[in-house]
Amino acid sequence: MPKFPKSGYRGGHTKLTHAMSEGARRGDAKPSVAQGFQLLAQTVSGYTGIKRFDAGAVLTFTGFRKLVDALGGVDIYVDQRTPSQHLRPDGRGRAPGGGPAGYGGPQMVYEVGMRHLVGWQALDFSRQRYLPGGDYTRQRHHQQLIRAVLAKAFSLDVGRNPLEVDRVLRALGQTLTFDGRGRPAIDYAYALSGLRPEALRLVTLPGGGVGRGSGYRGEQLSAESRKFISELVAGRADAYLRAHPALVVRR
């Protein structure tokens, strides 16, 4: 992570997920999500070689729930049985107790198949990582939900309807932080309105642990994943994915 004078961060090697918190610091003032995003973008740019990010959006948990509800829910194919560690079938929190996440009692379960999820269900489903595949499975579910959200937004033609964009943005309120390099979110919504979910190819980048036991430091990308990034920067991502189809997220 590079030096970031705005927050006083001196730079160093650490987990990518720390970039938001390190960049958001403002002394005794409330942390700035927008400022944290700036360091995150710089860190990802330096790591991948992608020189510029045109825009970025950060949603809180509450914001993601509000987004899904503002769209009327989303349809997603649940690709593996996913028990919730956090919530009961009625959406209320589970009681503290046993289990890997420290909860007990009845739990919501997302069974395999096409499901219609409302806001709290989509958020809950996206948070589960005590599954075969661990956090890599959770990342795949994140990507599938992004595609489902886009599919619902496009089906409502939100991008081409300024009133609909305004309605969704108002529903999100301060739960959304958007950085568009001076351009408002509505400009990007309209520019992307011709994109279709079936044209998106979501890519998973597998990796492996660094360190063991108490010396575990996190995850690092595999050689195959690092090569994808260099091929992406060079404009050869399509050919690389044809040769490595396992990297493409299905459904």
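The first residue of the sequence shown is numbered 1, and numbering continues consecutively from there. Since the structure is predicted, the reported quantities are computational estimates derived from the model, not experimental observations.
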Notebook entry, point to check: Where do Phe154 and Arg196 land on the side-chain contact (heavy atoms from CB on, under 4.5 Å) test, with the steps shown first?
Noted result: CA-CA 7 Å; Phe154 289 138; Arg196 288 293 173 263; 3.7 Å; yes
Item checked: Working for side chain to side chain donor-acceptor pair (under 3.5 Å), residues His86 and Gln128 -> CA-CA 9 Å; His86 310 104; Gln128 306 311 315; 3.1 Å; yes
Next item on the list: Given salt bridge (Lys or Arg N to Asp or Glu O under 4.0 Å), test Arg138 with Asp135 step by step and report yes or no.
Entry: CA-CA 5 Å; Arg138 180 169 64 172; Asp135 196 52; 2.6 Å; yes
Next item on the list: Assess whether side-chain contact (heavy atoms from CB on, under 4.5 Å) is satisfied between Val112 and Tyr77, documenting all intermediate values.
Entry: CA-CA 7 Å; Val112 173; Tyr77 182 83; 3.6 Å; yes
Checklist line | Candidate pair Asp79 and His141, rule side-chain contact (heavy atoms from CB on, under 4.5 Å), full reasoning | finding: CA-CA 9 Å; Asp79 58 7; His141 290 169; 2.9 Å; yes
Margin query: Before you tell me yes or no, could you show the steps for Asp238 and Arg201 under side-chain contact (heavy atoms from CB on, under 4.5 Å), namely the whole-Å CA-CA distance, both residues' side-chain angles and the distance that decides it to 0.1 Å?
Written below: CA-CA 10 Å; Asp238 288 346; Arg201 270 191 295 176; 2.3 Å; yes
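The closest donor-acceptor contact from the side chain of His18 to the backbone of Thr14 lies at 3.5 Å or more, if one exists at all. The main-chain N or O of Lys152 is found under 3.5 Å from a side-chain atom of Ser155 such that the two form a donor-acceptor pair. Using modelled atom types, no side-chain atom of Arg88 and backbone atom of Gln107 make a donor-acceptor pair closer than 3.5 Å. Remark: side-chain polar atoms of Gln143 are not paired, donor with acceptor, to backbone N or O of Leu202 under 3.5 angstrom. With hydrogens and angles ignored, the 3.5 Å screen pairs no side-chain donor or acceptor of Asp179 with any backbone N or O of Gly56. Between the Arg147 side chain and the Leu200 main chain, a donor and an acceptor come within less than 3.5 Å of each other. At least one donor-acceptor pair under 3.5 Å links the side chain of Thr43 to the backbone N or O of Leu39. A donor-acceptor contact shorter than 3.5 Å is absent between the side chain of Arg140 and the backbone of Tyr136. Using a distance-only test at 3.5 Å, with no hydrogens or angles considered, no donor-acceptor pair links the side chain of Arg226 to the main chain of Thr48. A donor-acceptor pair is defined here as one N or O able to donate and one able to accept, closer than 3.5 Å; no such pair exists between the side chain of Thr175 and the backbone of Thr62.
In this structure, Ile186 and Pro162 have side chains that are in contact, with non-hydrogen atoms separated by less than 4.5 Å. No side-chain heavy atom of Arg25 sits less than 4.5 Å from a side-chain heavy atom of Pro31. By the 4.5 Å heavy-atom criterion applied to side chains, Pro106 and Pro89 are counted as neighbours. Using a 4.5 Å cut-off on side-chain heavy atoms (C-beta onward), Leu247 and Pro206 make contact. At least one side-chain heavy atom of Phe228 sits less than 4.5 Å from a side-chain heavy atom of Leu241. Side chains of Leu221 and Ile229 form a contact here, defined as non-hydrogen atoms less than 4.5 Å apart. You'll find the side chain of Tyr47 stays beyond 4.5 Å of the side chain of Leu16, heavy atoms only. Using a 4.5 Å heavy-atom cutoff, the side chains of Glu22 and Phe4 are not in contact.
For the residue pair Gln121/Arg65, the side-chain donor-acceptor check at 3.5 Å is not satisfied.
Heavy-atom contacts from other residues, nucleotides or ligands closer than 6.0 Å to CZ of Arg167 number more than 12. Within 6.0 Å of atom CD in Gln174, 12 or fewer heavy atoms from other residues, nucleotides or ligands are found, so the atom counts as exposed in its surroundings. Surrounding OH of Tyr188 are more than 12 heavy atoms belonging to other residues, nucleotides or ligands, all under 6.0 Å away. The environment of CZ in Arg92 is sparse: at most 12 heavy-atom neighbours from other residues, nucleotides or ligands sit within 6.0 Å. Atom CZ of Arg212 is surrounded by 12 or fewer heavy atoms from other residues, nucleotides or ligands within 6.0 Å.
Criterion: ILVMFWY side-chain heavy atoms under 4.5 Å apart, direct or through other members. Under it, Leu232 and Val203 are part of a common hydrophobic cluster. By the criterion of side-chain heavy atoms lying less than 4.5 angstrom apart, applied directly or through intervening Ile, Leu, Val, Met, Phe, Trp or Tyr residues, Leu156 is grouped together with Val149 in one hydrophobic cluster. Residue Leu150 is not grouped with residue Leu169 when hydrophobic side chains (ILVMFWY) are merged at heavy-atom distances under 4.5 angstrom, including chains of intermediate members. Both Phe61 and Phe125 belong to a single network of hydrophobic side chains, linked directly or stepwise wherever heavy atoms of I, L, V, M, F, W or Y lie under 4.5 Å apart. Grouping the Ile, Leu, Val, Met, Phe, Trp and Tyr side chains by contacts below 4.5 angstrom, directly or via other members, places Val33 apart from Met1.
A salt bridge links Arg52 and Asp54; the closest N-O separation between the charged side-chain nitrogens and carboxylate oxygens is under 4.0 Å. The pair Asp166-Arg170 meets the salt-bridge criterion, since a charged nitrogen lies less than 4.0 angstrom from a carboxylate oxygen.
Remark: Thr60 OG1 to Leu176 CG distance equals 9.0 Å, nearest 0.5 Å. The CG atom of Leu123 sits 11.5 Å away from atom CG of Leu67, with the distance rounded to the nearest 0.5 Å. Once rounded to the nearest 0.5 Å, the distance linking OG of Ser84 with OH of Tyr130 reads 12.0 Å. Taken to the nearest 0.5 Å, the CZ atom of Arg94 stands 9.0 Å off from the CG atom of Leu87. Interatomic distance, OG of Ser21 versus NZ of Lys15, reported as 11.0 Å (0.5 Å rounding). Taking CE of Met108 as the start and CD of Glu111 as the end, the distance is 9.0 Å to the nearest 0.5 Å.
Nearest approach of Tyr110 to Asp124, heavy atoms of both residues: OH-OD2, 2.7 Å. Between Arg181 and Phe53, the closest heavy-atom pair is NE-O, 2.9 Å. Between Leu131 and Pro83, the shortest heavy-atom distance links the atoms CD2-CD, 3.9 Å. Of all the heavy atoms in Gln35 and Ser7, the pair that sits closest is NE2-CB, 3.8 Å. In plain terms, the two heavy atoms of Ala19 and Leu40 that are nearest each other are CB-CA, 3.8 Å. Scanning both residues, Gly63 and Leu172, for their nearest heavy atoms gives O-CD2, 3.3 Å.
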